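Below: the structure, in C-alpha cells.
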Amino acid sequence: MDYQAPSLAATFLATLKRDLLLAFRRRSDFMNPLVFFLMVCSLFPLGIGPDPKQLAVLAPGILWVVALLACLLSSDTLFRSDYDDGSLELMLISPVSLYIQVTAKTVAHWLLTGFPLTLLSPVLGLLLQLPFTGMAALMMAMAMGTASLSFIGAIGAGLTVGLRKGGLLLSLIILPLYIPVLIFGVSSVKAAVDGFDYMGQLAILGAFLALAVTLAPLAIAASVRISADN
C-alpha cells in the first residue's frame, strides 16, 4: 500500500493541537512568563513611586520591556521537551514539511504566551496609569509585536536546543533582533497617548510580522537541523 503524506493544513493543525495539549498538561511552562509579566509590572509602582504622571510616561516602555523579557523567558522551552524525548528527531526524518511543523509550534507558542500577554496588557496599563487613549494601540501593537518575538525567539531556541545551558547564549543571539519590535511597539503607544497618528508604527510592526511569518520558519528549520546534526 502506497503511503500518502498528510496535507500541509492537516500537518499544521495536528502539530498545533499536540503542542497545545502538551502545554495544558505542563501548565507551568506557559504560566511562568505570565506570572513574571504580572509580578514585574506590579513592582514598578512600588519602586519608582505612585506619582500618576510619572507612571503614565514610563508605562509604554515598562510594559514592552517586561513583555519582551517574558517572551525571551518562554522561548528557551520551545523545542526543549521535543529534544529531550526524541520527538525533534522524528520531526526531522518525517516525510511532512519541517517548515509547516516549526510554524505550527511557533504559533502554539504565541497562543500560549504572546496572546495572554496581549490580553493582560490593558489591565497592567491601568495599574501603571496608562491613559485610555493608548489602550487600543497597546493591544494591537502587543498582538503583532509578540507574534514577531515568538518567531524570532524560535530561531534562537532552535540553535541552542542541543546545549545544556543555552539560556545565556539564546539571550545574546535574540535580544538584538528584538530591538526594532521594541522601538516601534513603544513608539506606537506613546504616539497614541500624545494624540498623534500611530498607524504608521503599527504598519511597520505588521511588516515585521509578515516577514517573520514567511522567512523565520526557514531559519528555524535550518537551526533545528544544525542542532540535531551536532
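Computed from a prediction, not measured in an experiment: that's the story for all the values here.
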- Message: Are there over 12 heavy-atom neighbours, none belonging to Phe36, within less than 6.0 Å of that residue's CZ?
- Response: yes

- Note on the structure: In this structure, OG of Ser227 is separated from OH of Tyr83 (nearest 0.5 Å) by 7.5 Å

- Hey, is Asp76 close enough to Arg80 for a salt bridge, meaning N to O under 4.0 Å? yes

- Applying side chain to side chain donor-acceptor pair (under 3.5 Å) to Ser87 and not counting sequence neighbours gives Arg18, Asp85

- With sequence neighbours excluded, tell me which residues meet ring-ring contact (aromatic ring centres under 6.0 Å, His included) with Phe208. Phe184

- d(Ile62 CD1, Leu130 CG) to nearest 0.5 Å is 10.0 Å

- Message: According to side-chain hydrogen bond (donor to acceptor under 3.5 Å, both in side chains), does anything in residues 138-157 pair up with another residue at least two apart or in another chain? List the pairs.
- Response: His109-Ser150, Trp110-Thr146

- Query: Taking the side chain from Tyr178 and the backbone from Leu149, do they hold a donor-acceptor pair closer than 3.5 Å?
  - Reply: yes

- Query: Could you go step by step and tell me if Ser94 and Gln101 meet the side chain to side chain contact (heavy atoms under 4.5 Å, CB included) rule?
  - Reply: CA-CA 10 Å; Ser94 121; Gln101 292 182 81; 3.7 Å; yes

- Query: More than 12 heavy atoms of other residues, nucleotides or ligands under 6.0 Å from CZ of Phe132: is that the case?
  - Reply: no

- Task: Quick one: closest heavy-atom pair of Gly125 and Met135, and the distance?
- Result: C-CE, 3.9 Å

- Please assess Val224 against Val161 for the test side chain to side chain contact (heavy atoms under 4.5 Å, CB included), listing each intermediate value before the final yes or no. CA-CA 8 Å; Val224 168; Val161 67; 5.7 Å; no

- CD1-CG distance between Ile48 and Leu58, expressed to the nearest 0.5 angstrom: 4.5 Å

- Item | Derivation of the side chain to side chain contact (heavy atoms under 4.5 Å, CB included) call for Leu111 and Leu16 | CA-CA 10 Å; Leu111 288 173; Leu16 181 66; 4.1 Å; yes

- Which pairs count as salt bridge (Lys or Arg N to Asp or Glu O under 4.0 Å) when at least one residue sits in residues 44-62, sequence neighbours excluded? none

- Note on the structure: Tracing side-chain contacts under 4.5 Å among Ile, Leu, Val, Met, Phe, Trp and Tyr outward from Ile93 reaches Leu90

- Looking only at heavy atoms, what is the nearest atom pair of Leu117 and Ala70, with distance? CD1-CB, 4.1 Å

- In the single-linkage hydrophobic clustering (I, L, V, M, F, W, Y; side-chain heavy atoms under 4.5 Å), do Leu92 and Ile220 co-cluster? yes

- side chain to side chain donor-acceptor pair (under 3.5 Å) filter on Asp19, not counting sequence neighbours, yields Lys105

- Of all the heavy-atom pairs spanning Gly134 and Val193, show the shortest one and how long it is. CA-CG2, 3.9 Å

- Closest approach of Pro45 and Leu55, non-hydrogen atoms and distance? CA-CD2, 4.1 Å

- Message: Distance check, rounded to the nearest 0.5 Å: Ser42 atom OG versus Leu127 atom CG?
- Response: 5.5 Å

- Item | Joint cluster assignment, Val57 & Leu128, ILVMFWY side-chain distance < 4.5 Å | no

- Item | CD1-CD1 distance between Ile173 and Ile152, expressed to the nearest 0.5 angstrom | 13.0 Å

- Summary of ring-ring contact (aromatic ring centres under 6.0 Å, His included) pairs that have at least one residue in residues 43-76, sequence neighbours excluded: none

- Tell me the side-chain hydrogen bond (donor to acceptor under 3.5 Å, both in side chains) pairs involving residues 207-219, sequence neighbours left out? none

- Residues in side chain to side chain contact (heavy atoms under 4.5 Å, CB included) contact with Ile100, at least two apart in sequence or another chain: Leu8, Thr11, Phe12, Ser97

- When rounded to the nearest 0.5 angstrom, what is the spacing between CG in Leu175 and CG in Leu68? 6.5 Å

- Message: Is there a path of hydrophobic side-chain contacts, each under 4.5 Å between heavy atoms, that joins Leu20 and Leu119?
- Response: yes

- Query: Could you give all pairs that pass the side-chain hydrogen bond (donor to acceptor under 3.5 Å, both in side chains) test and reach residues 196-213, with sequence neighbours left out?
  - Reply: Ser187-Gln201

- Who else is in the cluster with Val35 when I, L, V, M, F, W and Y are joined by side-chain contacts under 4.5 Å? Met39

- Would a hydrophobic clustering, with Ile, Leu, Val, Met, Phe, Trp and Tyr connected at side-chain separations under 4.5 Å, put Leu22 with Leu13? no

- Item | Closest non-hydrogen atom pair, Pro116 against Leu34 | CB-CD2, 3.5 Å

- Note on the structure: When Thr118, Val181, Leu202 are each screened for side chain to side chain contact (heavy atoms under 4.5 Å, CB included) with Met144, the one that passes is Leu202

- Query: Do Met31 and Val66 share a hydrophobic cluster (ILVMFWY, side-chain heavy atoms under 4.5 Å, transitive)?
  - Reply: yes

- Query: If we only count heavy atoms from C-beta on, is the Ser74 to Asn32 side-chain gap below 4.5 Å?
  - Reply: no

- Task: List, by chain and number, the other hydrophobic cluster members for Leu215, where Ile, Leu, Val, Met, Phe, Trp and Tyr join if side-chain heavy atoms come within less than 4.5 Å, directly or indirectly.
- Result: Leu211

- Which heavy atom of Ser75 sits nearest a heavy atom of Gly153, and at what distance? OG-CA, 3.8 Å

